Amino acid sequence: TASFQSVNGKYVISKSFNAIPSTDVILVYRKSGVDGANAVWQQIPRTLFLPEGELDYDFDFTRQDFAIYAGGNIDIAAQNAAFKNSYLNNQTFRVVFVPAAATGRANVDYSNYEEVIKYYNIDDSKVGKL
């Protein structure tokens with residue numbers, strides 16, 4: 001889990017890592033809830049349509065780092081603690097590194113976290129921390 005930090009008026013979570021090949025890509029998923037004993041994962045980018053307005057989650061990456069952003073047409077700084085605890089604080093994300101050699105032939109729904117980890121044989125029990 002990680003919490004967004006305000007950096008120059010933007011809300012961001014960032015992490016550096018060892019360089020990945022320039023042809024690889026990163027997929028990011030946010031835990032949006034729980035269904036029984038199962039986590040519900042939503043692929044980013046994602047827009048949530050809330051009573052307060054639109055909250056966007058987005059990300060970018062380089063060979064050495066990635067950043068996840070929270071923004072939209074909501075004045076995040078003006079939101080109450082309940083809002084921030086629901087959408088900004090202690091958020092759980094999964095960042096999946098996808099080898100480029102596999103992307104051209106993969107017949108997988110990248111919006112489905114469970115399908116992605118199954119296809120790439122990722123051990124979900126050995127997830128690193130942000």
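Scope of the values below: all heavy atoms of this structure, side chains included, with no hydrogens, waters or symmetry mates. Because the structure is predicted, anything quoted here is derived from the model rather than measured.
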**Q** Are I26 and I122 co-members of a hydrophobic cluster defined by side-chain heavy atoms under 4.5 Å apart?
**A** yes
**Q** Is it true that Y57 and F59 fall in one hydrophobic cluster, defined by side-chain heavy atoms closer than 4.5 Å?
**A** yes
**Q** When rounded to the nearest 0.5 angstrom, what distance separates CG in N38 from CD in E114?
**A** 7.0 Å
**Q** Considering all heavy atoms of both residues, which atom of D109 and which atom of S111 are nearest to each other, and what is their separation?
**A** OD1-OG, 2.6 Å
**Q** Would you call the rings of Y87 and F83 parallel, tilted or perpendicular if under 30° counts as parallel and over 60° as perpendicular?
**A** tilted
**Q** Considering only heavy atoms from C-beta outward, does the side chain of N89 approach that of F4 to under 4.5 Å?
**A** no
**Q** Side-chain contact test, heavy atoms from C-beta onward, threshold under 4.5 Å: evaluate it for L55 versus T47 and give yes or no.
**A** no
**Q** Determine whether V95 and F17 make a side-chain contact, defined as any pair of heavy atoms from C-beta on separated by less than 4.5 Å.
**A** no
**Q** Taking the side chain from R30 and the backbone from F93, do they hold a donor-acceptor pair closer than 3.5 Å?
**A** no
**Q** For Y29 and N112, which I'm curious about, is there any donor-acceptor pair between the side chains at under 3.5 Å?
**A** no
**Q** Quick check: do Q43 and V28 have side-chain heavy atoms less than 4.5 Å from each other?
**A** no
**Q** At what distance, to the nearest 0.5 angstrom, does CG of N8 lie from OG of S6?
**A** 8.0 Å
**Q** What pair of heavy atoms forms the shortest contact from L88 to A70, and how long is it?
**A** CD2-CB, 3.7 Å
**Q** What verdict does the side-chain hydrogen bond (donor to acceptor under 3.5 Å, both in side chains) test give for Y119 and N107, after you've listed the backbone C-alpha separation in whole Å, the side-chain angles of each residue and the deciding distance to 0.1 Å?
**A** CA-CA 9 Å; Y119 182 85; N107 187 18; over 6 Å; no
**Q** Of all heavy-atom pairs between I13 and A2, which one has the smallest distance, and what is that distance?
**A** CD1-CB, 3.9 Å
**Q** Answer yes or no: is there a side-chain heavy-atom contact under 4.5 Å between V25 and I20?
**A** no
**Q** Taking atom NZ of K31 and atom CZ of R94, what is their separation to the nearest 0.5 Å?
**A** 8.0 Å
**Q** Hydrophobic clusters here meaning ILVMFWY residues chained together by side-chain heavy-atom distances under 4.5 Å, can you tell me if I44 and L27 are in one?
**A** yes
**Q** Can you see which heavy atom on A67 is nearest to which on V12, and at what distance?
**A** CB-CG2, 3.9 Å
**Q** Is there a side-chain contact between L50 and I74 in this structure, where contact means two heavy atoms from C-beta onward sitting under 4.5 Å apart?
**A** yes
**Q** Please confirm whether the backbone N or O of A81 pairs with a side-chain atom of N85, one donor and one acceptor, at under 3.5 Å?
**A** yes
**Q** For residues 38-59, pull every pair meeting salt bridge (charged side-chain N to carboxylate O under 4.0 Å, His left out), keeping only residues two or more places apart or in separate chains.
**A** none
**Q** Does F49 sit in a hydrophobic cluster with other residues, and if so which ones, taking ILVMFWY side chains as linked at heavy-atom separations under 4.5 Å, directly or through other members?
**A** none
**Q** For side chain to side chain contact (heavy atoms under 4.5 Å, CB included), just list the numbers for Q42 and S32, CA-CA rounded to whole Å, side-chain angles, deciding distance to a tenth of an Å, and then say yes or no.
**A** CA-CA 6 Å; Q42 292 182 330; S32 63; 3.6 Å; yes
**Q** Which word best sums up how the rings of Y113 and W41 line up, parallel for under 30°, tilted for 30 to 60°, or perpendicular for over 60°?
**A** tilted
**Q** Which heavy atom in K84 sits nearest to a heavy atom in A77, and how many Å separate them?
**A** NZ-O, 3.4 Å
**Q** Of the non-hydrogen atoms in P21 and R63, which two are nearest, and what is the gap between them?
**A** C-NE, 3.9 Å
**Q** Is there a side-chain contact between V98 and Y120 in this structure, where contact means two heavy atoms from C-beta onward sitting under 4.5 Å apart?
**A** yes
